[in-house]
A.B. asks: 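Could you have a look at this structure, given as structure tokens, before my questions?
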Amino acid sequence: MSEQHKVLEGVGKRRVKRTFEDDSDTESNRPSDNNDASVNERDAQSDSTPANMNELRKLARQKYLDKRELEVMALASRDLELLEEDVKKYGWDNLSTREQEEINIKRQAIQLVKDRRELEAGSRKGYHIIDRKEDSLQNAEIKQGEPAGKERGWEDQQLEYSVRAQDYNDKKIFVQGSDKYEFVLDDNAKVKFTDEEEILPGKREYQKELVANLETEVKRLETIAETRKSLPVYKYRDELLKAVRDHQVLIVVGETGSGKTTQLPQYLVEDGYTAGGKFMVACTQPRRVAAMSVASRVSDEMEVVLGKEVGYQIRFDDKTTRDVTILKYMTDGMLLREFLTDPELSRYSCIMIDEAHERTMATDILLGLLKDILPHRKDLKLLISSATMNASKFSAFFYDAPVFNIPGRRFPVDIHYTLQPEANYLHATVTTVFQIHSAMPLPGDILVFLTGQDEIENVRETMEEIAFKLGKSIKPIIITPIYSNLPQQQQSMIFEPTPAGVRKIVLATNIAETSLTIDGIKYVVDPGFVKENSYVPQTGMSQLLTVPCSKASVDQRAGRAGRVGPGKCFRLFTKWSYHNELDDLPKPEILRTNLSQVVLLLLSMGVTDLLKFPMLDKPSIANIGRSLEQLYVMGALNSKGSITKLGRIMCEFPCEPEFAKVIHSSAANEKCNGVLEEVTTILAMLFEAASIFATGKERKAVLGQMNSDHMLYLEIYNTWANNGYRRSWCQDHHIQHKTMARVRNIRDQLWRCSEKLGLVALNQLQIKKDPNMSQSIKEQRIMRSFITGFPANIAKLTSKGYQTIGRNGGMAVHIHPTSIVFSLTRETGKPFKYLLYQQLMLTSKEFMRDCMPIPNEAWLHEMVPHYYNNLG
DNA sequence: GAGCACTGC
């Protein structure tokens with residue numbers, strides 16, 4: 001019995017030594033009940049403890065909580081070292097049968113641990129051991145109130161997959177009977193053990209299970225190690241690391257399937273760039289789901305708990321631990337925000353900008369900022385991963401940085417072109433799909449790229465009719481549409497495995513080009529078009545036009561056929577067209593969006609000469625000019641063009657400056673404050689306006705009549721909130737619950753931001769002053785708030801219909817038929833004289849989206865005099 | 001009386 005006690009103490013020493021080498025003389029450990037508050041309290045009260053002891057203990061506690069089955073198993077098997085000493089001391093024959101048996105089993109166990117260590121030594125060093133078994137994941141309980149995995153969409157599933165392991169792990173340690181214990185570092189409170197079985201159940205079943213689990217774990221590790229080594233990037237590991245050592249900036253051209261995203265950051269960590277936890281390696285992704293799922297996989301490969309050594313950071317979800325996380329996957333937008341608080345990015349030693357060829361706005365700005373700080377941060381390494389086509393552009397941008405090529409691993413895809421251009425690509429699409437279906441053997445699903453929801457629904461109908469007519473002369477097909485606004489349940493259908501003898505036909509927008517991958521696709525049909533949104537600064541209007549894809553896009557689409565085996569891609573345009581008519585790359589976002597947010601961000605970082613700011617593609621002067629003007633009108637800039645106090649406040653908000661201005665006014669402008677809460681809700685709804693309604697039709701039927709889309713949004717949100725934020729309420733009202741959940745998140749984030757900046761307090765002052773503000777006064781104040789943010793977005797009713805007013809006035813515009821104002825006007829026959837709109841969009845006509853009637857022209861002059869009084 | 005690709009803080 002006392003042997004057992006000694007054993008445990010010894011083991012504790014070893015464990016602590018390994019984790020905290022600097023504090024080797026303050027160590028000890030004991031099991032304690034996880035839920036026993038008094039024990040923890042006693043920990044905290046041990047007053048002979050050094051001041052930093054509590055910190056240390058917290059850290060230790062954190063670490064030990066993360067330990068899983070194997071850590072406990074390893075612990076148990078390390079006992080053997082001490083048991084063996086006893087064998088020497090007392091002689092084998094003097095031990096009891098039970099003790100002998102125990103030692104035998106532990107001998108086997110330790111052998112397995114040794115094997116595993118050897119395996120580890122090959123690829124990594126110094127990480128804690130945890131397990132992550134697929135089946136444990138699948139058996140983990142699903143959070144209450146959530147539907148089962150199958151009913152949810154891919155994003156939720158991915159998220160759950162990333163997160164659940166973490167939750168599960170926090171709560172459980174796997175060894176049967178040992179789940180009561182955690183190991184806490186403590187130098188005073190030593191507990192005397194009276195019953196050895198309580199500490200380590202020396203039962204045969206346990207030992208057997210231990211060995212069996214170890215074997216499973218060794219196999220799993222072998223598989224992971226093999227998979228890592230089999231990736232194309234593995235062969236280049238040393239060369240890559242040498243290149244990183246020799247150069248500050250490295251362009252990495254890694255095709256899909258090369259493993260760059262998961263492996264490169266790990267190599268950097270292994271090569272010591274995190275300096276024992278002092279620095280971080282960051283890898284940016286353009287999309288949230290990618291950041292989450294890659295982080296999850298890498299934490300698995302490195303055998304750490306997601307959120308500790310390896311974590312991710314996206315809006316609304318920070319799964320990192322300060323001073324512990326050494327490898328962080330994050331969205332590019334998050335890193336950009338981090339520049340605001342830490343302009344030198346001093347916490348990072350290496351930054352990898354992944355998927356840089358996608359040229360998101362955040363990536364482009366990041367590259368410019370990084371180029372600026374590299375001379376001051378000689379120790380900072382920058383890796384840029386790009387597709388082949390623009391590697392030289394990145395290289396030139398960073399003073400001819402070396403380009404490193406890593407081949408991909410993909411199956412060959414045959415490309416077929418049409419012999420002559422197709423007059424009607426939709427017709428050609430349907431024909432091609434049925435040709436493939438009748439001529440090619442099963443299995444092998446078909447992925448069709450279309451431009452939008454409308455097209456997808458039309459093609460689907462046509463195909464269903466044809467399939468019906470053909471009846472049993474063809475094999476059965478399943479048609480599954482996928483586009484981002486498709487409600488969740490229907491989205492998940494594309495991931496259902498195709499039944500035998502059936503062909504699945506996926507009709508997708510370019511969401512399937514990068515954002516999600518579908519297994520089992522063997523054929524791709526590509527008409528070669530995409531809808532592209534672009535912003536015209538002169539008119540302030542966006543246009544959504546169907547344009548031909550770039551070469552990079554169609555190549556990417558073709559690649560989707562070669563993921564599981566050799567595939568075929570049918571392009572509904574000519575080979576000549578591919579080589580002579582298509583652009584190489586899609587137009588970068590920075591050339592087709594409103595720049596006010598970026599301009600304000602750069603100004604707040606002290607970039608005063610915007611034209612000199614390094615950028616891969618320079619936006620037009622007209623665009624920058626218009627942004628500066630907008631910012632000036634809102635008071636974010638003074639007449640000299642430098643940022644004001646208000647401008648800095650606006651920068652703090654994670655949204656466009658126009659929206660931030662509305663928030664600010666609703667709390668701080670005495671002409672309209674006291675409505676911060678309402679305004680925050682409306683703005684959060686406006687961000688997601690496009691995907692709130694399941695279909696466009698239901699909008700007016702949702703609730704009673706409202707005067708404006710803005711007030712309708714407010715009413716919808718409040719009613720939903722009053723109904724307990726329930727999913728069923730959304731279903732009853734044809735509203736997408738997932739979108740509403742996002743709105744709630746955004747709303748909370750904006751509110752917290754207002755709180756931090758003291759706006760909530762200001763708002764409260766006004767409410768105290770006028771506690772019985774009537775509904776109509778509130779509404780008026782909301783309208784005024786919006787005018788301050790969107791002074792140029794006003795249309796006036798003339799004899800020729802609505803026309804814009806303001807600097808570029810006189811343009812004929814129309815109320816969008818989905819707007820509540822549209823139906824309201826029709827019902828009453830009385831159009832409003834002035835309308836404020838959130839967006840002008842050119843589709844078939846110049847439409848105003850999300851409209852709000854302005855009942856009083858004088859408000860315009862009152863709220864933004866410097867704009868309206870100077871119009872003449 | 002239209003019909004909005006896709007991201008992100």
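To find a chain, count down the sequence lines: A is the first, B the second, and so on, and within it residues start at 1.
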A.B. asks: Reckon A:Thr509 has a side-chain N or O less than 4.0 Å from the OP1 or OP2 of B:dC6?
C.D. replies: yes
A.B. asks: Taking only N and O in the side chain of A:Arg359, is any of them less than 4.0 Å away from OP1 or OP2 of B:dT7?
C.D. replies: no
A.B. asks: Between A:Ser484 and B:dC6, does any side-chain N or O lie under 4.0 Å from OP1 or OP2?
C.D. replies: yes
A.B. asks: Under 4.0 Å between any heavy atoms, over every strand shown, what does A:Ala690 touch: base, sugar-phosphate, or nothing? Just pick one.
C.D. replies: base
A.B. asks: Do the ring centers of A:Phe786 and A:His710 come within less than 6.0 Å of each other?
C.D. replies: yes
A.B. asks: What does A:Gln597 touch in the nucleic acid at a heavy-atom separation under 4.0 angstrom: a base, only the sugar-phosphate, or nothing?
C.D. replies: base
A.B. asks: Looking at the rings of A:Phe529 and A:Tyr425, which for Trp means the six-membered one, are their centres under 6.0 Å apart?
C.D. replies: yes
A.B. asks: When you measure from the centre of the six-membered ring of A:Tyr837, is the NZ or CZ of A:Arg849 under 6.0 Å away and within 45° of the axis?
C.D. replies: no
A.B. asks: Of A:Phe653 and A:Arg592, whose nearest nucleotide on DNA chain B comes first from the 5' end?
C.D. replies: A:Arg592
A.B. asks: With heavy atoms under 4.0 Å as the rule, sort A:Thr451 into base, sugar-phosphate or nothing.
C.D. replies: sugar-phosphate
A.B. asks: With no hydrogens and no angle check, do the side chains of A:Glu688 and A:Tyr713 hold a donor and an acceptor under 3.5 Å apart?
C.D. replies: no
A.B. asks: Let's see if you can work this out: which of B:dA2, B:dC9, B:dG8 has an atom nearest to the side-chain heavy atoms of A:Lys845?
C.D. replies: B:dA2
A.B. asks: May I ask you to evaluate whether A:Lys531 reaches the phosphate of B:dC4, defined as a side-chain N or O under 4.0 Å from OP1 or OP2?
C.D. replies: yes
A.B. asks: Does any donor-acceptor pair link the side chain of A:Gln453 with the base of B:dC4 at a separation under 3.5 Å?
C.D. replies: no
A.B. asks: Assess, by modelled atom type and distance only, whether the side chains of A:Asn623 and A:Tyr535 contain a donor and an acceptor separated by less than 3.5 Å.
C.D. replies: no
A.B. asks: Counting side-chain heavy atoms from CB outward, which of B:dG1, B:dC4, B:dC9 is closest to A:Arg337?
C.D. replies: B:dC9
A.B. asks: Within the structure, does a side-chain N or O atom of A:Thr331 lie under 4.0 Å from either OP1 or OP2 of B:dC9?
C.D. replies: yes
A.B. asks: Of the options B:dG1, B:dC9, B:dC4, whose atoms approach the side-chain atoms of A:Phe822 most closely?
C.D. replies: B:dG1
A.B. asks: By nearest atom, which of the nucleotides B:dG8, B:dA2, B:dC6 is closest to the A:Glu656 side chain?
C.D. replies: B:dG8
